[in-house]
Structures are given as structure tokens and as C-alpha cells.
Amino acid sequence: MGDQLKGTVDVSGRGETSRRALARGFLLADPATIEAVRSNALAKADPLPTARAAALLAVKETPRLIPHCHPIRVTEVGLEFEFSANAIC
């Protein structure tokens, strides 16, 4: 692998290991806005498919965005939205 940066470890020879990661986010908004998103009643397009696409892109870009995070094969991604009166989590 040549000269490595200090703090990095060559993991290319390791076998696959089962891993699980969890990330959370939330959007606070006016209750009327949350209800419009929940019922797909916004004047423009439904934002939830865009949020799903952004989450998938974040998974793919994790090794590039987080220092010392090695690229590993991702076999599954799950995404759920939970609604409350003034938030989407």
C-alpha cells in the first residue's frame, strides 16, 4: 500500500465483518407544514424521496467525508421517517 498517513491502517487483507451503523436527523417545522409533508399536500413535489436519495448518497460518501473511515461494502440501507406534530425524524 506504500506510504500510509499516520493513523491509518491497511484493511485490504481483512475478511468481511458484519457491521451496523445508525444515523439520525430531524426537521423541526410548523405543524401545518409537517402535516402537509405527511399527507403529500405541498404545492411542490414530495420532499421525502429527495431525503431518501440524500441519505443513500451520504452512505456512499461516508469514507470520503469522515477521516480514517475505510470504504467497505454496504449491502443494505434502511430509512424510516417518523412524524410528530412539529417534527420529522
Novice: What about Leu27 and Leu79, same hydrophobic cluster or not, with Ile/Leu/Val/Met/Phe/Trp/Tyr joined at side-chain heavy-atom distances under 4.5 Å?
Specialist: yes
Novice: Is it the case that the side chain of Ser39 and the backbone of Glu35 share a donor-acceptor pair, with hydrogens and angles ignored and the cut-off at 3.5 Å?
Specialist: yes
Novice: Give every residue pair that meets the side chain to side chain donor-acceptor pair (under 3.5 Å) criterion with at least one member in residues 79-89, sequence neighbours excluded.
Specialist: none
Novice: Could you pull out every donor-acceptor pair under 3.5 Å between side chains of residues 51-64 and any protein atom, sequence neighbours left out?
Specialist:
unit_1, atom_1, unit_2, atom_2, d
Glu61, OE1, Arg64, NE, 2.5
Glu61, OE1, Arg64, NH2, 3.3
Thr62, OG1, Ala58, O, 2.8
Thr62, OG1, Val59, O, 3.3

Novice: Check whether Phe83 and Leu42 end up in the same hydrophobic cluster, where Ile, Leu, Val, Met, Phe, Trp and Tyr are linked by side-chain heavy atoms less than 4.5 Å apart.
Specialist: yes
Novice: Side-chain heavy atoms under 4.5 angstrom apart, residues restricted to Ile, Leu, Val, Met, Phe, Trp, Tyr: same cluster for Ile88 and Leu28?
Specialist: no
